[in-house]
Protein chains: 2
Amino acid sequence: MVTFNGKTYECPLEMTIDLIGGKWKVLLLWHLSKGPLRFNELSRIFPHLSTKMLTQQLRDLERDGLVHRNIYPQVPPKVEYTLTDLGHSMMPILQEMNRWGTSHINTQIPQSDQ
Amino acid sequence: MVTFNGKTYECPLEMTIDLIGGKWKVLLLWHLSKGPLRFNELSRIFPHLSTKMLTQQLRDLERDGLVHRNIYPQVPPKVEYTLTDLGHSMMPILQEMNRWGTSHINTQIPQSDQ
DNA sequence: CAGAATCCGACGGGATACTG
DNA sequence: CAGTATCCCGTCGGATTCTG
């Protein structure tokens with residue numbers, strides 16, 4: 001029984017997958033690891049991600065301390081998203097995932113015949 | 001643009017997270033990495049996982065070549081699930097996830113005040 | 001520019017009952 | 001034992017519109 005940011009889990013693995021599971025969070029973290037990005041820049045990188053979802057995922061990541069939201073008080077508004085140290089500490093995981101994906105591109109699994 | 005088992009993705013990372021994203025798949029892979037487990041054994045390990053979901057997740061993992069389903073033709077039926085080589089190749093990812101989780105147990109993120 | 005608000009349909013997933 | 005089948009409700013998430 002472990003906890004993270006108020007949530008309770010049965011084991012560390014469950015805790016981690018809850019933070020980055022789902023399609024978009026790892027992709028957001030991955031792109032932000034290369035440098036700060038603005039809301040619309042992220043929106044352009046992921047054309048299939050609605051602004052509603054983008055906002056929601058970024059809020060989740062922010063609430064869990066993986067992403068920092070930097071607001072420049074100016075008109076028009078400017079908001080930059082960056083990785084926190086905790087966010088950067090996820091990189092070994094993402095690198096392993098990227099490595100696995102890269103080395104298994106175009107794999108075709110023969111479906112069992114029955 | 002990459003593919004895996006007939007599905008198309010924008011990048012290797014997206015491909016990987018699609019295979020193991022979601023709460024249960026990593027947990028199933030994790031337990032199966034220690035040895036074969038039967039359907040009811042898995043069911044007992046995860047009390048909050050319905051048989052419907054368990055079946056569905058196992059079928060997904062099987063279809064994607066990460067898990068093998070071994071049927072013993074006998075009465076009562078006996079079915080053992082094991083990791084394939086491809087499933088084992090996921091272990092570095094899960095180990096990183098477990099490592100991260102373990103070293104961030106009981107973290108509390110101070111919420112930004114506004 | 002960076003969202004918030006609203007509406008609404010699809011489906012993820014629980015509970016229960018049933019089967020070879 | 002190892003599932004399947006059915007019902008059903010909640011939420012996920014898309015599309016659209018609006019705002020400081």
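Quick caveat: nothing in here was measured; it's all calculated off a predicted structure.
For the residue pair Asn70(A) and Tyr81(A), no side-chain donor N or O sits within less than 3.5 Å of a side-chain acceptor on the partner.
Ring orientation note: the planes of Phe46(A) and Trp24(A) are nearly perpendicular, at an angle over 60° on the 30°/60° scale.
Look at CZ on Arg44(B): it is 14 Å from P on dG3(D), rounded to the nearest Å. Here dA5(C) presents its P atom at 13 Å from CD of Gln56(A), a figure rounded to the nearest Å. Straight-line distance from the CZ atom of Phe39(A) to the P atom of dA4(C): 8 Å, rounded to whole Å. For the pair Glu80(B) CD and dA2(D) P, the interatomic distance rounds to 9 Å; values are reported in whole Å. In this structure, Leu54(A) atom CG and dC12(D) atom P are separated by 17 Å, rounded to whole Å. What separates NZ of Lys23(A) from P of dG13(D) is a distance of 10 Å, to the nearest Å. Distance, Leu37(A) CG to dG3(C) P: 13 Å, rounded to whole Å. Rounded to whole Å, atom P of dA2(D) lies 5 Å from atom CG of Asn40(B).
The phosphate of dA2(D) has neither OP1 nor OP2 within less than 4.0 Å of any side-chain N or O from Arg69(B). In terms of phosphate contacts, Arg38(B) brings no side-chain nitrogen or oxygen within less than 4.0 Å of OP1 or OP2 of dC1(D). Contact annotation: Arg59(A) side-chain N/O to dA4(C) OP1/OP2 distance is under 4.0 Å.
At a threshold of 4.0 angstrom between heavy atoms, the contacts of Ser50(B) are confined to the sugar-phosphate backbone, with no base atom among them. Residue Tyr81(A) is classed as a sugar-phosphate contact, given heavy-atom separations below 4.0 Å to backbone atoms only.
The residue among Pro77(A) and Thr55(A) whose nearest nucleotide of DNA chain C lies closer to the 5′ end is Pro77(A).
The 12-atom threshold is exceeded at CG of Asn106(A), counting heavy atoms of other residues, nucleotides or ligands nearer than 6.0 Å.
The nucleotide whose nearest atom lies closest to any side-chain atom of Lys52(B) is, among dG20(C), dC1(C), dC7(D), dC7(D). In the set dC1(C), dG14(D), dC1(D), dC1(D) carries the atom at the smallest distance from any side-chain atom of Pro76(B).
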